[in-house]
Amino acid sequence: MFHLIIAAALLAALYVVLVETLFKKSKCKGTADMTGKTAIITGGNTGIGKATALDLAGRGVRVILACRNQKKAEAAINDIKKATGSNDILFMKLDLGSLKSVRAFAANFLKSESRLDLLINNAGLVADGQTEDGFGIEFGVNHLGHFLLTCLLLDRLKESPAARVITLSSMAHRWGKIDFDSLIATKDLGSGRYSWQFFQAYCNSKLCNVLFTHELAKRLKGTNVTCYSVHPGVVKTELSRHVSLWQKVFIEPVARLLFLDPKTGAQTTLHCAVQEGIEHFSGRYFSCCAVEEVSAKAKDDAVAKKLWEVSEQLSGLS
Ligand SMILES: NC(=O)c1ccc[n+]([C@@H]2O[C@H](COP(=O)([O-])OP(=O)(O)OC[C@H]3O[C@@H](n4cnc5c(N)ncnc54)[C@H](OP(=O)(O)O)[C@@H]3O)[C@@H](O)[C@H]2O)c1
Ligand SMILES: *[C@@H]1O[C@H](CO)[C@@H](O)[C@H](O)[C@H]1NC(C)=O
């Protein structure tokens, strides 16, 4: 009996610690007037992106859902219209796993939309495989597609009075590594068939997201555009859809008990999108609606610059 009480107390303590750390909740408190602004949200049809779109639409932002699947995007748009009463939300086709599609999206957007205030690089996946252009799918979609997209939209962002670029990274960036020789030789940052291998490739791509934001901030000095990378929390979404069944068996109970819901998972992105007075944090990494220090390798100036140059080459910009 006594042992049971001790065990129960330990479990309760573990729960409390987890809820205060890994699964901590936060809330965006920004109240800036967002009416009349335009946002692009990549992968806004589900998960954190959809929750972000819903909130911004509710604040009067014109929202463009940049998604690869028209049916899914239109279903999400209907939900968001119903929930917010907004009519200012539309789909534009974007497959980040195709550089051609990224270019077509940018051309289409620049032709049909006159302003861009928020670019939210949200789409991402944990999976095995390659993009249309032969890049490892996580490097290609999570980093390179967003890199090209951002570069193609920069001039329009600069025309806005105070545009922001927000890129979803993850705390998983801490386990990331970047091997440029292998990247140039294989068009990939680590891959393989096993889930631990594509989890490593995921971490590597999320490190790219942090370094990209670090370098972008430098390149944006002297403009009114700022940029931020985000860890949204550990959130119950479709992100684990490609992990194997036996892993789901372990993840599912923890997910039900502890993972954040997408609305809570959108708060740090929203903080970076609407909070006033964070511009001096441009280039930094945010978690729980606050700036967070990253390790030396995630703010290495030389690596960030090299990643930018290599990404320019690989995406055909230089
Ligand atoms: N969930 C977490 O705990 C967590 C933690 C840390 C960071 N994050 C980051 O948060 C971001 C959002 O993830 P989530 O958890 O909301 O995942 P999710 O529910 O799986 O949503 C991911 C979105 O990305 C889209 N996407 C995937 N590949 C694409 C492509 N080639 N072109 C265009 N869109 C594509 C998906 O579209 P389809 O529906 O068509 O596939 C979907 O809309 C990701 O960058 C992820 O790395 C999540
Ligand atoms: C940035 O914004 C300020 C005031 O909002 C404006 O005076 C300035 O011209 C802008 N700078 C650029 C480079 O657009």
Side-chain angles (χ1 to χ4, degrees), residues 22-23 40-53 65-76 91-102 104-105 120-127 129-133 135 137-146 148-149 155 157-163 166-176 199 201-210 212 220-226 229-243 251 254-255 258-266 268-269 279 285-288:
L22 203 52
F23 302 98
I40 292 175
I41 305 178
T42 68
N45 58 278
T46 185
I48 298 164
K50 182 179 174 188
T52 305
L65 287 198
C67 302
R68 58 178 164 174
N69 184 313
Q70 179 158 7
K71 269 213 176 110
K72 285 193 194 177
E74 274 163 4
F91 161 76
M92 279 191 200
K93 168 105 179 150
L94 169 66
D95 180 353
L96 288 156
S98 156
L99 296 175
K100 200 171 129 210
S101 173
V102 174
F105 171 88
I120 305 185
N121 292 323
N122 164 85
L125 41 62
V126 185
Q130 289 189 333
T131 68
E132 189 180 285
D133 311 284
F135 293 100
I137 193 141
E138 292 160 312
F139 173 78
V141 170
N142 300 358
H143 168 67
L144 196 63
H146 282 129
L148 178 61
L149 178 68
D155 286 340
L157 285 160
K158 286 177 189 167
E159 289 164 20
S160 154
I166 297 150
T167 301
L168 275 276
S169 173
S170 166
M171 66 177 284
H173 84 270
R174 292 189 207 171
W175 301 293
F199 182 68
Y202 176 75
C203 298
N204 300 345
S205 75
K206 293 286 127 179
L207 176 58
C208 290
N209 294 146
V210 180
F212 160 70
L220 288 172
K221 284 256 162 68
T223 74
N224 286 329
V225 187
T226 55
S229 63
V230 165
H231 168 59
V234 182
V235 189
K236 195 161 167 31
T237 65
E238 295 177 37
L239 192 65
S240 63
R241 64 183 111 174
H242 300 291
V243 307
I251 296 173
V254 186
L258 286 166
F259 281 24
L260 306 179
D261 61 27
K263 183 179 175 187
T264 310
T268 302
T269 301
E279 289 81 0
Y285 171 85
F286 281 69
S287 174
C288 284

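In each ligand, atom 1 is the first atom listed, and ligand 1 is the first ligand listed. Residue numbers count from 1 along this sequence. Heavy-atom basis, side chains included; hydrogens, waters and symmetry copies ignored.
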[atom]: any protein heavy atom closer than 4.0 Å:
atom                    : result
atom 11 (N) of ligand 2 : yes
atom 14 (O) of ligand 2 : yes
atom 4 (C) of ligand 2  : no

Review point. When you check the side-chain N and O atoms of D95 and S101, is any donor under 3.5 Å from an acceptor?
Key: no

**Study point:** Between T167 and H146: side-chain donor-acceptor atoms closer than 3.5 Å
**Key:** no

Review point. Is there at least one pair of N or O atoms, one from K158 and one from ligand 2, spaced under 3.5 Å apart?
Key: no

Practice item. Below 4.0 angstrom from a heavy atom of G222, which ligand 2 atoms are there? Numbered from 1 as shown, please. Key: 13 (C)

Point to revise | Distance filter under 4.0 Å to N224 heavy atoms, resulting ligand 2 atoms | key: 1 (C), 2 (O), 3 (C), 8 (C), 10 (C), 11 (N), 12 (C), 14 (O)

Review point. Would you call the rings of W175 and F199 parallel, tilted or perpendicular if under 30° counts as parallel and over 60° as perpendicular?
Key: tilted

Review point. Side-chain contact, heavy-atom cut-off 4.5 Å: L168 with P232?
Key: yes

**Study point:** Side chains of N121 and N209 in contact at under 4.5 Å (non-hydrogen atoms)
**Key:** no

Who are the salt bridge (charged side-chain N to carboxylate O under 4.0 Å, His left out) partners of [X], not counting sequence neighbours?
X    : answer
E132 : none
K50  : D79
K72  : none

Practice item. At a heavy-atom distance under 4.0 Å, which protein residues reach ligand 1? Sort them by chain and number, would you? Key: G43, N45, T46, G47, I48, R68, K72, L94, D95, L96, G97, N122, A123, G124, L125, V141, L168, S169, S170, Y202, K206, H231, P232, G233, V234, V235, T237, E238, L239, R241

Review point. Hey, does A162 sit under 4.0 Å from ligand 2 if you only count heavy atoms?
Key: no

Check your understanding: Is the backbone N or O of A76 less than 3.5 Å from a side-chain atom of N45, with the two atoms forming a donor-acceptor pair by type?
Key -> no

